[in-house]
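Written below as structure tokens is the structure these notes are about.
Quick note: numbers below take in every heavy atom, side chains included, and nothing from hydrogens, waters or symmetry partners. No experiment lies behind these values; they were computed from the predicted model shown. In what follows, chains carry the letters A, B, and so on, assigned in the order in which the sequence lines appear, proteins first and then strands, with residues in each chain numbered from 1.
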2 protein chains.
Amino acid sequence: MSDSSKSAQKAPRHNCDTCDVRHKAMCAAVGHEHTDQLQAIVSHRDYSPGQVIFEEGDPADYVFNISDGEVRLYKLLPDGRRQVTGFLTPGDFLGLITESSYAYGAGAIGAVELCCMKLTNLERLLSDIPPVRERLLDMSRDELAAAQEQMLLLGRKTAREKILSFLLYRHKHLDRTDSDASIDLPMSRTDIADYLGLTIETVSRTFTALRDEGLIELPNPHHVIFPDLDAVRDAADAA
Amino acid sequence: MSDSSKSAQKAPRHNCDTCDVRHKAMCAAVGHEHTDQLQAIVSHRDYSPGQVIFEEGDPADYVFNISDGEVRLYKLLPDGRRQVTGFLTPGDFLGLITESSYAYGAGAIGAVELCCMKLTNLERLLSDIPPVRERLLDMSRDELAAAQEQMLLLGRKTAREKILSFLLYRHKHLDRTDSDASIDLPMSRTDIADYLGLTIETVSRTFTALRDEGLIELPNPHHVIFPDLDAVRDAADAA
DNA sequence: AAGATTCATTGAGATGGCTCAATTTGCCGC
DNA sequence: GCGGCAAATTGAGCCATCTCAATGAATCTT
């Protein structure tokens, strides 16, 4: 992780003023006149691929913003079955807390950098700078809508529809390199399966089937190219 | 619905001061000194069983609090498949809005009474009385945690586990008449099936199986009695 | 009270996705 | 470039749940 950051590091490494995800994060609601207060309460931590950030039920003192990398959220059943409830990307808020402990587990997919904030400091920030609470409410509104959409996927879509919806969601929200019709999938097949309520075998078979139909190209398991995006959209909707 | 309310109606029918769900609703954050402002912006509407309140995508001018009755939230696929994403009970907030329209459809299960508020008035309330936004954020935090739990259920539990989890959730959250180990299920088998990602036949068969095992009693399709609540809890957890 | 309608239950057979098992591929260190 | 390991793919058979169909129960209408 020594040189994984996107820009040169002569300037103070973690500077809220120059943070390139600030506009996407809750911090966007902190006016520049309050940047000092924000800067004073954040610290940063690095995680290596696969590392657990926290487990569901851990007592929660900190909340986080994703600075870099991708994070999986998950819940476990006593026998080990796992449901991945979401993937977080830079700018996303991490740390849903109920009854003083985390409501889900979180783990680094690749190398991850988090911007950490003590819960007590967040609470002070919320009372000092009201727009931050407004911002958090807006963000959780979006999360709630995404959760509803995911319930529709989990409860009512076929394996094929699940995969297609997942790919399109990634394309829409994460890889907006203009008209580039391709996406990265940094997570494993196991993560995808646990996110979509499938097994790795079904995920793999479905990818193969979509490739054989010409709907996608798979130069490697972590990169998908869409030769015809509209055809994928049609296939995702159709009954 | 002429006499469906719980208390006598000599006093003004819809009075925030005497509203019996105020403490559960977002309104709990409105201090008594501000009750007038709240009262001024709410109105009430009745819905009959089965009636649609709004559909997903409808332009959203109003948000609601459930005053009485139970509401189902749902999303539809183009071919008619339906996912019920939640059931709302008195005190719950109704009206998740993204891009100026409702993120889900909503329908009355039995007779329902809603407390209605124009979105613009809610926004004024939020800026006039900051604790209301805090309250809404807390409520959406709980909703988000419930959504995560539901994803675990939809993605990773068996039909039997789904039904048992559903029954226990109802018992925990909705029918706290002390140690009374019984619950009402006002919704249809179709609603339950669409909530749990099953078919009505599987729901019905599973109820029958649980009854035959002695885990539940079913005096009628809308009432469940638990002879041994701990046995149900064990069955819901076990692998 | 009989008929009609809707909802729930039960039965029988079909199937999509799962389980178990074997390869194959890609990656890492030396 | 070569073993060794983890991840992904592929194959074959199975089973939990679905589909299709019939029956039963409850409610509403007249």
Minimum heavy-atom separation for B/Pro221 to B/Leu185, with atom names?
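In terms of heavy atoms, the two residues are closest at O-CD1, 4.4 Å.
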Just jot down the salt bridge (Lys or Arg N to Asp or Glu O under 4.0 Å) partners of [X], sequence neighbours excluded, or say none.
X	value
A/Arg156	B/Asp194
A/Glu213	A/Arg160
A/Glu143	none
B/Asp230	B/Arg233

Could you give the angle between the helix axes at the two ends of the helix from C/dA1-D/dT30 to C/dC30-D/dG1, with five pairs per end, rounded to 10 degrees?
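End-to-end axis angle for the helix from C/dA1-D/dT30 to C/dC30-D/dG1: 50°, rounded to 10°.
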Quickly work out the [X] [atom1] to [N] [atom2] distance and round it to whole Å.
X	N	atom1	atom2	answer
A/Glu201	C/dA22	CD	C1'	12 Å
A/Ile200	C/dT19	CD1	C1'	11 Å
B/Leu185	C/dA8	CG	C1'	13 Å
A/Lys157	C/dG16	NZ	P	19 Å
A/Arg156	C/dG16	CZ	C1'	15 Å
B/Phe207	C/dT9	CZ	P	8 Å

Does anything in residues 186-195 of chain A reach DNA chain D, meaning a heavy atom under 4.0 Å, and if so which residues?
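The answer is A/Ser188, A/Arg189.
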Tell me which residues in residues 213-223 of chain A put a heavy atom below 4.0 Å from DNA chain D, sorted by number, or none.
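When residues 213-223 of chain A is checked for heavy atoms under 4.0 Å from DNA chain D, the hits, listed by number, are A/Pro221, A/His222.
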Trace of the side-chain hydrogen bond (donor to acceptor under 3.5 Å, both in side chains) decision for A/Gln148 with B/Thr85
CA-CA 6 Å; A/Gln148 308 267 334; B/Thr85 58; 2.6 Å; yes
Using a 4.0 Å cut-off to any heavy atom of chain A, which nucleotides of DNA chain D are the first and last in contact, reading 5' to 3'?
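Answer, 5' to 3': D/dA8 to D/dA12.
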Any donor-acceptor pair under 3.5 Å linking the side chain of A/Asp79 with the backbone of A/Arg81?
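Yes, the answer is positive, given that a donor and an acceptor are paired below the 3.5 Å cut-off.
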Output yes when a side-chain donor or acceptor of B/Tyr104 lies under 3.5 Å from a complementary backbone atom of B/Gly95, and no otherwise.
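Between the backbone of B/Gly95 and the side chain of B/Tyr104 there is a qualifying donor-acceptor contact (under 3.5 Å).
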Taking only residues two or more places apart in sequence, or in another chain, which ones meet B/Cys19 in a side chain to side chain contact (heavy atoms under 4.5 Å, CB included)?
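B/Cys19: side chain to side chain contact (heavy atoms under 4.5 Å, CB included) contacts with B/Val21, B/Arg22.
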Within the modelled atom types, does a donor on one side and an acceptor on the other bring the side chain of B/Arg205 and the base of C/dG11 under 3.5 Å apart?
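It does, because a donor-acceptor pair links the side chain of B/Arg205 to the base of C/dG11 below 3.5 Å.
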Taking only side-chain N and O atoms of B/Ser204, does any of them lie within less than 4.0 angstrom of OP1 or OP2 on C/dT9?
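So the side chain of B/Ser204 is within the cut-off, an N or O lying under 4.0 Å from OP1 or OP2 of C/dT9.
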side-chain hydrogen bond (donor to acceptor under 3.5 Å, both in side chains): which pairs involve residues 51-60 of chain A, sequence neighbours left out?
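For residues 51-60 of chain A, and leaving out neighbouring residues, the side-chain hydrogen bond (donor to acceptor under 3.5 Å, both in side chains) pairs sorted by first residue read A/Ser48-A/Gln51, A/Glu55-A/Tyr74, A/Glu56-A/Lys75.
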Sequence neighbours excluded - salt bridge (Lys or Arg N to Asp or Glu O under 4.0 Å) pairs with any residue from residues 200-209 of chain A
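Listed by first then second residue: nothing to list.
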For B/Gly197, answer base if it contacts any base atom (sugar-phosphate contacts may also be present), sugar-phosphate if it contacts only those atoms, and nothing otherwise; contact means non-hydrogen atoms under 4.0 Å.
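Sugar-phosphate: the residue B/Gly197, judged by heavy atoms under 4.0 Å, touches backbone atoms but no base.
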Does anything in residues 188-230 of chain A pair up under ring pair (Phe, Tyr, Trp, His ring centres under 6.0 Å), and if so which pairs, sequence neighbours excluded?
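Ring pair (Phe, Tyr, Trp, His ring centres under 6.0 Å) check on residues 188-230 of chain A returns A/Phe87-A/Tyr195, A/Phe166-A/Tyr195, A/His171-A/Phe226.
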Does A/Glu70 come within less than 4.0 Å of A/Arg170, counting only side-chain N to carboxylate O?
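Between A/Arg170 and A/Glu70 there is a salt bridge, with a charged N closer than 4.0 Å to a carboxylate O.
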